[in-house]
Number of protein chains: 2
Amino acid sequence: MKKGHQVTMKEIAKKLGVSVSTISRALKDSPELHPETKRKIVEMAKEMNYQPNLLAQSLRISRTKTLGVIVPEITSHFFASCISGIQDHANKRGYNVMICQSNESIDQEIANIRTLVASQVDALLISLSRETNHYEHLYELYSREIPFVLFDRVQEDIPVSKVTFNDAGGAYQVTHHLLEMGCRNIVFVSGPEDLYISKKRKEGYLKALNEYGIKENSNFIKVTDLTLEGNIEVAKEIAAMKSRPDAVFCMIDPVAVDVLTYWKSIGLKVPEEIALAGFTNNPTSAVVEPPLTTVSQPGYEMGKLAVSHLLDQLDGLASDDPISIVLETTLVPRKSSNRQA
Amino acid sequence: MKKGHQVTMKEIAKKLGVSVSTISRALKDSPELHPETKRKIVEMAKEMNYQPNLLAQSLRISRTKTLGVIVPEITSHFFASCISGIQDHANKRGYNVMICQSNESIDQEIANIRTLVASQVDALLISLSRETNHYEHLYELYSREIPFVLFDRVQEDIPVSKVTFNDAGGAYQVTHHLLEMGCRNIVFVSGPEDLYISKKRKEGYLKALNEYGIKENSNFIKVTDLTLEGNIEVAKEIAAMKSRPDAVFCMIDPVAVDVLTYWKSIGLKVPEEIALAGFTNNPTSAVVEPPLTTVSQPGYEMGKLAVSHLLDQLDGLASDDPISIVLETTLVPRKSSNRQA
DNA sequence: CTGTTAGCGCTTTCAG
DNA sequence: CTGAAAGCGCTAACAG
């Protein structure tokens with residue numbers, strides 16, 4: 001199957017007996033042009049259904065007005081929201097977007113960067129894969145002076161702008177809420193410990209405990225690999241603890257949902273016997289029974305801020321010096337943590 | 001902020017004292033080339049960290065190896081899965097993907113097509129917006145001989161390949177299941193009636209009723225505009241019917257979830273007092289209480305099939321004659337329809 | 001106000 | 001086996 005022919009400036013030029021440059025000028029509304037000529041050209045272009053070839057244009061001006069986006073997983077609601085925010089605001093400023101997913105694989109992430117760079121995107125927005133534990137590919141982008149920003153899953157040392165949530169703050173909010181609900185033995189279910197969010201959320205958890213004069217108890221920190229099996233394993237462990245904790249704070253909602261589902265299956269009552277909270281405010285968390293207390297992270301907003309800042313830098317509206325944008329989260333208290341009722 | 005310089009073939013050529021064409025040949029492993037020269041060039045290219053400029057290449061060969069995808073909503077789990085399937089399989093065959101969302105707006109859909117075409121994508125995969133009720137933009141693509149396929153939200157008359165689910169079949173499965181559960185007064189909650197899926201699912205619903213000798217009852221067909229308010233309105237209406245139906249089949253899961261939530265708030269018990277079923281098998285449907293009976297539509301698979309067929313056509317591995325690929329759905333019976341217990 | 005010219009980075013005849 | 005030259009569609013000096 002081959003594509004049909006596309007009208008070019010040359011053809012309009014021939015038809016009208018003028019030069020290609022005149023066509024080019026008319027179509028970008030150059031002032032130094034006879035209004036009548038311009039009118040004729042614009043009309044003819046429309047009549048012939050001319051569509052500019054962005055490829056040629058980009059090659060010529062060496063700017064594609066296209067941004068590359070790399071996310072770990074497009075099917076995650078949170079990342080889909082980010083993408084949505086990026087797209088809308090990129091389009092609003094005349095930019096297109098190419099999206100890739102790394103599927104949580106560093107090799108795929110590197111491959112994605114290669115293709116996007118080869119496609120000559122003007123800049124990149126990247127959220128790192130879970131697997132990403134070395135950063136040469138990012139430093140290479142940096143040294144090649146290809147502008148990029150990191151969002152959500154960031155690496156702190158790279159001198160580029162980053163957009164993150166106040167993860168520690170959010171974890172503090174949840175933990176503080178559980179404490180206010182009267183819980184004192186609060187388990188934190190962490191993801192792999194080298195993850196940025198694992199560290200930050202643990203930090204907030206500990207800070208809240210500390211304010212209540214409770215000190216860190218390593219038995220109360222469980223680690224899951226974030227798979228269904230891993231999550232259930234942790235749920236089992238907690239249910240079987242000799243002196244059962246009165247609350248559990250899971251690093252992300254999906255973990256909390258898996259834990260909840262398991263506990264329901266063994267008849268452990270939430271929140272009566274044990275309170276539960278998550279993080280992210282996935283759509284799922286609102287509809288489980290009981291509805292899950294969580295912390296909302298506005299993904300659309302994050303995408304919007306990330307792309308706006310990046311484009312400000314590209315367009316010279318913002319300094320090239322890297323900045324860090326931190327979004328605040330909001331506690332969403334729901335029944336799963338309501339021990340007062 | 002400006003991008004750094006990228007190494008070009010010209011520079012490699014100068015450094016090695018050969019011509020650009022030789023570089024080009026070496027890099028695409030042309031056989032008519034001295035092995036030693038080739039080795040040297042490949043080595044130097046790697047050393048200089050050469051990355052081909054896909055833009056220039058595409059302009060030259062007038063193929064971008066890029067596909068355009070348009071979906072109504074990237075944040076919908078179903079469409080995100082489709083995209084994921086498309087991406088994975090496009091990449092596998094050396095193609096890139098540009099994704100756009102129409103946000104259920106026909107104007108946005110048209111705009112998306114324009115940009116993608118201007119970006120010279122080799123072909124398009126489109127799932128129509130809810131608003132799309134005229135099809136000039138598609139016929140124009142067709143007449144301009146830009147290959148495209150439609151998936152999920154299709155328009156039947158356009159002579160291009162389409163990938164859909166057996167929507168009528170799925171609706172039949174659900175309705176049949178409800179009938180087997182002993183329900184005889186089954187309401188169908190439809191979306192806007194001009195939607196393809198509204199029509200098809202109603203068709204399956206009626207077929208199942210018919211097999212049980214139940215004839216169409218227009219009071220038992222409710223229409224929602226698919227907004228939260230519309231869905232709740234319908235839920236209210238049904239709860240208030242003088243002789244209340246014993247089952248409700250909602251055209252898509254989100255509607256069923258809204259209905260369920262409302263009913264829970266007024267104390268109407270599912271499935272004891274009324275059975276409920278949805279369609280799509282969103283992640284949400286598994287975790288609501290009670291878990292929702294639904295029909296699963298494998299989005300990843302749909303994306304995969306759509307893109308594979310399209311690329312087969314592009315690469316001449318499949319005939320250009322339009323075909324229709326129909327995916328079967330699977331009934332997912334859950335507690336919300338279990339009237340036997 | 002408009003045409004001529006050069007060239008973005010690459011591929012591909014056509015000659016040697 | 002390799003180089004020279006043309007050209008993909010467009011923009012942007014530079015002339016006039």
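Worth knowing before you read on, the calculation uses all heavy atoms, side chains too, and leaves out hydrogens, waters and symmetry mates.
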**Q.** Pair A:Asn112-A:Gln108, side chain to side chain donor-acceptor pair (under 3.5 Å): steps then yes or no
**A.** CA-CA 6 Å; A:Asn112 289 339; A:Gln108 185 61 52; 3.0 Å; yes
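When ring centroids are compared, B:Phe151 and B:His309 stay outside the 6.0 Å threshold.
The distance from atom CD of A:Gln6 to atom C1' of D:dC8 is 13 Å, rounded to the nearest whole Å. In this structure, A:Asn53 places its CG atom 13 Å from C1' of D:dT11, rounding to the nearest Å. Summarising the geometry, the separation between CZ on B:Arg39 and P on D:dT2 is reported as 13 Å, rounded to the nearest angstrom. In this structure, NZ of A:Lys28 is placed 19 Å from P of C:dC1, rounded to the nearest angstrom. Between A:Ile23 atom CD1 and C:dT2 atom P there is a gap of 11 Å when expressed in whole angstrom units. The interatomic distance linking A:Lys10 (NZ) with D:dT11 (C1') rounds to 15 Å, in whole Å. The CD1 atom of B:Ile61 sits 17 Å away from the P atom of C:dG9 (whole-angstrom rounding). With rounding to whole Å, B:Gln51 atom CD is found 11 Å from C:dC10 atom P.
Side-chain N/O atoms of B:Ser129 and B:Thr132 include a donor and acceptor closer than 3.5 Å. A side-chain donor from one of A:Thr64 and A:Asp122 sits under 3.5 Å from a side-chain acceptor of the other. If you check the side chains of A:Ser21 and A:Ser24, you find no donor sitting under 3.5 Å from an acceptor.
Comparing atom distances between the B:Leu59 side chain and each of D:dT11, C:dG9, C:dT12 picks out C:dG9 as nearest. The side chain of B:Thr22 sits closest to D:dG3 out of C:dG9, C:dT2, D:dG3. For A:Met9, the listed nucleotide lying nearest its side chain is D:dT11; candidates were C:dG3, D:dT11, D:dG9. Across C:dC10, D:dC8, D:dT11, the shortest atom-to-atom separation from the side chain of A:Gln57 is found for D:dT11.
For B:Ser21 against D:dA4, a side-chain N or O and a base N or O form a donor-acceptor pair under 3.5 Å. Applying the 3.5 Å distance criterion, the base of D:dT2 shares no donor-acceptor pair with the side chain of B:Thr37. Judged by distance alone, with hydrogens and angles left aside, B:Arg25 brings a side-chain donor or acceptor within reach of the base of D:dG3, the pair sitting under 3.5 Å.
Between B:Val18 and A:Thr8, the residue anchored nearer the 5' end of DNA chain D, judged by the nucleotide with its closest heavy atom, is B:Val18.
OP1 or OP2 of D:dA4 has not a single side-chain nitrogen or oxygen of B:Ser19 nearer than 4.0 Å.
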